Trainee: 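Right, I'll just put the structure down here and ask away after.
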Amino acid sequence: MDNKKIGIFIGSLREASYSRKIAQAVIEMAPEGFEFKIIEIGQLPLYNQDYDDHNKVPESYTPFRKAVKALDGVIFITPEYNRSVPAVLKNALDVGSRPYGQNAWDNKPGAVFSSSPGHISGFGANHHLRQSLVFLNIPVMQQPEVYIASVQKEIDDDGKLSDTSREFLEKAVKAYIAWFERLT
Ligand SMILES: Cc1cc2nc3c(=O)[nH]c(=O)nc-3n(C[C@H](O)[C@H](O)[C@H](O)COP(=O)(O)O)c2cc1C
């Protein structure tokens, strides 16, 4: 049987992004039968409804929408920007949600992992993201909630996680797989 494909969406374009380092660690935690892969979102121009209404869709939208449709599940790994979802990630949600009636995200079991160098761990982004995921019909894992505070202390320059964060993420990935299997 084919591996189940889980797309990982990163809410940061920064080269040395902690979110990307977390994503890379999570990819290695994929159990047998699953493939976790990063779906890039930085190439997508800002969504403009005219593109869909007047058949002028930017070149990068079509493969992105196809890639999202082909996924079995989705994991969002994001920092918080001004207490909310970074625009690049919200833009990717919007691009995948249209044209009207062709929501590529529909019904794919999801999870949200957030982090921050501060103490609030991206809570604002985590929960604002969940608000959009309700409308996109992504059933989101409820527990454990994944917040990583003081992320700069949890990951070294080579992307190695502290033992505590690694164990926590492994537990979260296991819970996500159980959530995925319950729904599919
Ligand atoms: C525009 C902007 C807004 C930010 N707003 C917040 C915020 O609301 N809360 C927070 O904890 N950190 C905030 N930060 C700091 C980010 O959490 C920090 O830069 C983090 O490392 C970004 O994630 P990354 O390492 O994956 O790029 C902000 C950073 C930027 C650039």
Side-chain angles (χ1 to χ4, degrees), residues 5-30 34-48 60 64 67-68 71 73-97 105 108-136 138 140-177:
K5 290 188 178 49
I6 308 299
I8 298 190
F9 298 84
I10 302 168
S12 169
L13 302 180
R14 197 168 72 87
E15 206 177 319
S17 161
Y18 292 116
S19 310
R20 186 169 286 271
K21 289 185 171 119
I22 294 169
Q24 269 144 3
V26 164
I27 284 173
E28 285 169 22
M29 295 174 190
F34 285 80
E35 182 195 347
F36 288 4
K37 59 175 181 181
I38 294 171
I39 309 288
E40 299 294 346
I41 59 176
Q43 75 286 12
L44 302 170
L46 276 184
Y47 186 72
N48 177 339
S60 58
F64 176 76
V68 174
L71 295 170
V74 290
I75 298 178
F76 300 94
I77 300 184
T78 189
E80 173 175 272
Y81 274 10
N82 298 312
R83 295 285 181 260
S84 190
V85 182
V88 68
L89 184 51
K90 180 59 165 59
N91 186 53
L93 290 179
D94 295 340
V95 170
S97 72
W105 306 101
K108 300 189 192 293
V112 177
F113 299 177
S114 64
S115 70
S116 164
H119 297 301
I120 305 179
S121 323
F123 176 86
N126 191 310
H127 283 260
H128 280 179
L129 185 55
R130 287 167 188 268
Q131 180 172 326
S132 295
L133 302 189
V134 170
F135 189 62
L136 295 172
I138 294 178
V140 182
M141 178 175 81
Q142 303 295 296
Q143 292 294 330
E145 293 164 85
V146 180
Y147 307 114
I148 299 184
S150 304
V151 67
Q152 75 284 11
K153 295 183 192 155
E154 299 299 316
I155 307 179
D156 71 15
D157 288 346
D158 300 327
K160 190 167 177 293
L161 294 171
S162 70
D163 289 349
T164 316
S165 287
R166 167 163 298 281
E167 279 160 28
F168 178 45
L169 281 170
E170 280 169 353
K171 193 173 135 202
V173 167
K174 265 197 191 138
Y176 172 71
I177 297 299

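For ligands, and for the atoms within them, numbers begin at 1 and follow the listed sequence. Keep in mind that what you see is a predicted model, and the values were worked out from it rather than measured.
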Trainee: I'd like to know if the side chain of S114 and the backbone of S121 have a donor-acceptor N/O pair within less than 3.5 Å.
Mentor: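 Present.
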
Trainee: With under 30° as parallel and over 60° as perpendicular, where do the rings of Y147 and H127 fit, or are they tilted in between?
Mentor: parallel

Trainee: Quick one: does E154's side chain have a donor or acceptor within less than 3.5 Å of a partner on S162's backbone?
Mentor: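 No; zero donor-acceptor contacts below 3.5 Å.
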
Trainee: Hey, is the main chain of K153 close enough, under 3.5 Å, to the side chain of S150 for a donor-acceptor pair?
Mentor: no

Trainee: Under a 4.0 Å heavy-atom cut-off, what residues line ligand 1?
Mentor: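 Correct list: S12, R14, S17, Y18, S19, P79, E80, Y81, N82, R83, S116, P117.
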
Trainee: Any salt bridge between K171 and E167, counting N to O under 4.0 Å?
Mentor: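 Not counted as a salt bridge, because no side-chain N and carboxylate O are separated by less than 4.0 Å.
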
Trainee: Keeping the roles fixed (side chain from Q142, backbone from V140), state whether a donor-acceptor pair exists under 3.5 Å.
Mentor: yes

